[in-house]
Amino acid sequence: MPPALISHASMPGSASNEPREVAADAFRLGGRMQKEKSEAAICPTDDEASVPRSRKNASTQKKRSLDYLWRSGVAGGLAGCAAKTVVAPLDRVKILFQAHNPHFLKYAGSWWGFGEAIKDIYRQDGLMGLFRGHSATLLRIFPYAGIKFLAYEQIRALVITRKDHETPLRRLVSGSLAGVTSVFFTYPLELIRVRLAFETKREGRSSLRSIVRQIYSENALMIPKNTPASAHAPALIPRTGLANFYRGFSPTVLGMLPYAGMSFLTHDTVGDIFRHPTLARWTTLPQPGNAPAGKAAPLRSWAELSAGGIAGLVSQTVSYPLEVIRRRMQVGGAVGDGHRLTIGETAKLIMRERGFRGFFVGLTIGYAKVVPMVATSFYTYERLKTFFGI
């Protein structure tokens, strides 16, 4: 065959190789892109399974925005106010029992006594007597609950960054730290509220200002003359001034660690159970249109109230002995000689007076109070979050 014909005969073959090379390049490029995509999606969270990573990051940044912070804080504050208003009469009687008020010792220890205590307060002071100290309660509870829920959302976002990080321990730690944070900022208001609720005398009731002055000035012990000041310095430091507004703070913190931690842990865990696919059709509501991407479906009213009620039951049981110690320390300046007892001394005093049962005085009333209170709190907070679109 002439060279010219050979040359022309080979041209179709070379032309036919070009599409193959183009196809091979496209295949390699597609494989590279698929590999990069798979590497970017290693260990995605539930949110990332349905929400692109860029939108997930935007959601995290939004949670730390000022707009989210004030909405979360207001929702938590209103939830706390609603919860405390529901149980205010129960709270008044419980404080009187816990603090060993002399006029109400005969009523402690039974449901009959609880009813009689309610009647006694009503006969003396009318309906408003059952809400004695409630204005101070609301003044305290709004910032307390607002800070607690806000802190929980923020601490949780830092501690639990992915779905596979959402362990019971991390939930417990998030709730405990949130509770301690809120207590630190609002404890003086709690002490004032307890003092107002503790009073039962008909005449000469203390005003809010007089209670503040009384707490501030309590109670420098008289030091004998010719006694070295250094021998009494440790005892005198916490007995006067602003430090008095943190009387009972140590057992409060110790009690708040299990109380807030178990409360949030139990609520979230029960919520997960209710949202399980086998139960979801009966326990959850359709996702609202303004819900953030990746947010869990809201629970029905009965399910949300149940989750909150169980959380209150568990957390109250765990932390109640420390709560009794705290109440006794808080009213230390209102009864007796004003001597400020330590945690250990208060515990020994309670054991000596009532035995082991003394640490659980008023627990049944505590259940009757805490279960509806925590249920109302979580229910109101979750519904306000939906209303605010957070």
Side-chain angles (χ1 to χ4, degrees), residues 46-47 59-60 62-65 67-87 141-157 159-160 163 166 168 170-172 174-176 178-179 181-182 259-277 279-316 369-390:
D46 285 358
D47 291 346
S59 176
T60 302
K62 181 180 178 181
K63 201 168 189 178
R64 298 173 184 172
S65 67
D67 182 68
Y68 186 96
L69 293 177
W70 81 258
R71 290 173 186 264
S72 177
V74 169
L78 292 177
C81 290
K84 277 293 188 179
T85 301
V86 168
V87 299
I141 200 63
F142 185 87
Y144 167 80
I147 293 172
K148 182 177 71 173
F149 281 107
L150 187 155
Y152 179 69
E153 297 284 359
Q154 299 303 312
I155 295 171
R156 177 187 167 90
V159 175
I160 305 174
K163 188 66 177 178
E166 193 160 356
R170 290 175 183 266
R171 283 177 169 176
L172 180 69
S174 300
S176 298
T181 301
S182 61
Y259 179 81
M262 290 301 299
S263 180
F264 281 107
L265 169 62
T266 306
H267 174 266
D268 289 356
T269 302
V270 175
D272 289 344
I273 295 173
F274 281 150
R275 292 185 179 94
H276 192 273
L279 301 175
R281 61 179 297 186
W282 297 287
T283 59
T284 60
L285 296 169
Q287 192 70 275
N290 65 341
K295 183 181 178 181
L299 295 175
R300 296 182 183 274
S301 296
W302 71 266
E304 185 61 64
L305 289 170
S306 298
I310 295 171
L313 185 70
V314 173
S315 58
Q316 178 76 349
K369 170 202 160 186
V370 168
V371 170
M373 182 184 74
V374 179
T376 303
S377 179
F378 276 114
Y379 174 82
T380 306
Y381 179 65
E382 292 297 333
R383 289 300 185 262
L384 286 175
K385 282 177 67 179
T386 300
F387 176 77
F388 285 142
I390 59 175

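What you are looking at is a predicted structure, and each value in this text was computed from that prediction instead of being measured.
For the pair Phe378/Leu299, no side-chain contact is recorded, criterion being any heavy-atom separation below 4.5 Å from C-beta on. Contact annotation: the side chain of Arg300 never approaches that of Thr284 to less than 4.5 Å [non-hydrogen atoms, C-beta and beyond].
Of all the heavy atoms in Gly179 and Ala260, the pair that sits closest is CA-CB, 3.8 Å. Taking all atoms of both residues into account, the shortest heavy-atom contact from Ser315 to Ser263 is CB-N, 3.8 Å. Minimum interatomic distance between Ser176 and Gly261 (heavy atoms only, all atoms of both residues): OG-CA, 3.4 Å. When all heavy atoms are compared, the tightest approach of Ile390 to Lys295 is O-NZ, 2.8 Å. In terms of heavy-atom proximity, Gly389 sits nearest to Pro292 at O-CG, 3.9 Å. Listed here is the closest heavy atom pair of Pro298 and Pro286: CG-O, 4.0 Å.
Put simply, CG on Leu305 and OG1 on Thr380 are 8.5 Å apart, with the number rounded to the nearest 0.5 Å. To the nearest 0.5 Å, atoms CZ (Arg64) and CD (Gln154) are separated by 7.5 Å. The CD1 atom of Ile310 sits 8.5 Å away from the OG1 atom of Thr266 when rounded to the nearest 0.5 Å. Atom OG of Ser301 is separated from atom CG of Leu285 by 7.0 Å, given to the nearest 0.5 angstrom.
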Check step by step if side-chain contact (heavy atoms from CB on, under 4.5 Å) holds for Arg171 and Ile160.
CA-CA 8 Å; Arg171 283 177 169 176; Ile160 305 174; 4.1 Å; yes

Just do the side-chain contact (heavy atoms from CB on, under 4.5 Å) check on Thr283 and Trp302 with the steps written out, would you?
CA-CA 8 Å; Thr283 59; Trp302 71 266; 3.7 Å; yes

Test side-chain contact (heavy atoms from CB on, under 4.5 Å) applied to Leu384 and Phe149, step by step:
CA-CA 12 Å; Leu384 286 175; Phe149 281 107; over 6 Å; no

Intermediate values then yes/no, side-chain contact (heavy atoms from CB on, under 4.5 Å), Met262 and Gln316
CA-CA 9 Å; Met262 290 301 299; Gln316 178 76 349; over 6 Å; no

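Under the 4.0 Å criterion applied to side-chain N and carboxylate O atoms, Glu153 and Arg156 are not assigned as salt-bridge partners.
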Which atom pairs, one a donor and one an acceptor, fall under 3.5 Å between side chains of residues 71-81 and the rest of the protein, sequence neighbours left out?
| residue | atom | partner | partner atom | Å |
| --- | --- | --- | --- | --- |
| Arg71 | NE | Asp67 | OD1 | 3.1 |
| Arg71 | NE | Asp67 | OD2 | 3.0 |
| Arg71 | NH1 | Phe388 | O | 3.1 |
| Ser72 | OG | Tyr381 | OH | 3.3 |

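Ring geometry for Phe264 versus Tyr152: interplanar angle under 30°, hence parallel rather than tilted (30 to 60°).
Glu382 is linked by a side-chain contact (heavy atoms from CB on, under 4.5 Å) to His267, Glu304, Lys385, counting only residues two or more places apart in sequence or in another chain.
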